[in-house]
Amino acid sequence: KNEVEQSPQNLTAQEGEFITINCSYSVGISALHWLQQHPGGGIVSLFMLSSGKKKHGRLIATINIQEKHSSLHITASHPRDSAVYICAVSSTQGGSEKLVFGKGTKLTVNP
Amino acid sequence: KAGVTQTPRYLIKTRGQQVTLSCSPISGHRSVSWYQQTPGQGLQFLFEYFSETQRNKGNFPGRFSGRQFSNSRSEMNVSTLELGDSALYLCASSFGGELFFGEGSRLTVL
């Protein structure tokens, strides 16, 4: 079982819909990151969370430390939101801190 | 402020060769980390450097190495290339824990 699980793997939505992507993790973490990757490879960091909730424009990220779960919400989705969204956790293992990544959620928003 | 710059963007090597990739972080950022992305394994952490010292390391063989210079620029080297090393190699600089990624270097091993 992967240490970081994302769901769904693929998501297709119509423009304007509310979208939720989920991330569950099984290890102790110091922080959780939500990343966005467009075709071509470039990755943009959307949020870094260690507790609670953060909002940036139409994007909202929440984390529940006790349940080891985070969600990324996109309100009023737009075709330009089409990308792969990746959850990553900062985890200390064997005395070394490293980022562990989920497999990503491919989002397609149709006009 | 310039972003994270990685060079080269694309390169093709043959099995057994070695390769060196370069990463220039955002000015003022002292932490640089490297990642490998493949279709099968997704994103995997390689190593992190801070003030010229390797601070953290992922689970990769010793063929993968790196270093950081006094100006925070970092290089990673892969020796004795294997077909499975074909991947997108990304670096990120960080400040206060927030990550800023470069566009990546796409390596193809033939």
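What you see is a predicted model, and the numbers here were worked out from it, not measured in a lab. Chain letters run A, B, ... following the sequence lines, proteins first and then strands; every chain starts at 1.
Put simply, B:Met76 and B:Phe60 are part of the same group of oily side chains (I, L, V, M, F, W, Y) that touch within less than 4.5 Å, one to the next. The hydrophobic cluster containing A:Leu99 does not contain A:Ile65, counting ILVMFWY residues as joined when their side-chain heavy atoms lie under 4.5 angstrom apart, directly or transitively. Taken together through direct or relayed side-chain contacts under 4.5 Å among Ile, Leu, Val, Met, Phe, Trp and Tyr, A:Val100 and A:Leu49 form part of one hydrophobic cluster. Note: the hydrophobic cluster containing B:Leu11 also contains B:Leu81 (ILVMFWY, side chain heavy atoms under 4.5 Å, direct or indirect links).
In A:Lys103, the NZ atom is crowded: over 12 heavy atoms of neighbouring residues, nucleotides or ligands sit closer than 6.0 Å. Counting non-hydrogen atoms of neighbouring residues, nucleotides and ligands closer than 6.0 angstrom, the CZ atom of B:Arg15 reaches no more than 12 such neighbours. The neighbour count for A:Phe18 CZ, taken as heavy atoms of other residues, nucleotides or ligands under 6.0 Å away, is above 12.
Heavy atoms closer than 4.5 Å to chain A are found in the side chain of B:Gln37, but not in its backbone. With a threshold of 4.5 angstrom between heavy atoms, B:Phe47 does not approach chain A through any atom at all. Proximity to chain B (any heavy atom under 4.5 Å) is shown, for A:Lys98, by both the backbone and the side chain.
Of all the heavy atoms in A:Ser45 and B:Glu98, the pair that sits closest is OG-CG, 4.2 Å.
Taking the six-membered ring for Trp and the full ring otherwise, the centers of B:Phe45 and A:Phe101 sit at least 6.0 Å from each other.
Counting heavy-atom pairs under 4.5 Å between each of B:Glu48, B:Arg55, B:Lys57 and chain A puts B:Lys57 at the top. Of the listed residues (B:Leu46, B:Leu99, B:Leu88), the one with the most heavy-atom contacts under 4.5 Å to chain A is B:Leu99.
Side-chain contact check for A:Ile43 versus B:Leu43: some heavy-atom pair is nearer than 4.5 Å. You'll find the side chain of A:Val44 stays beyond 4.5 Å of the side chain of B:Phe100, heavy atoms only.
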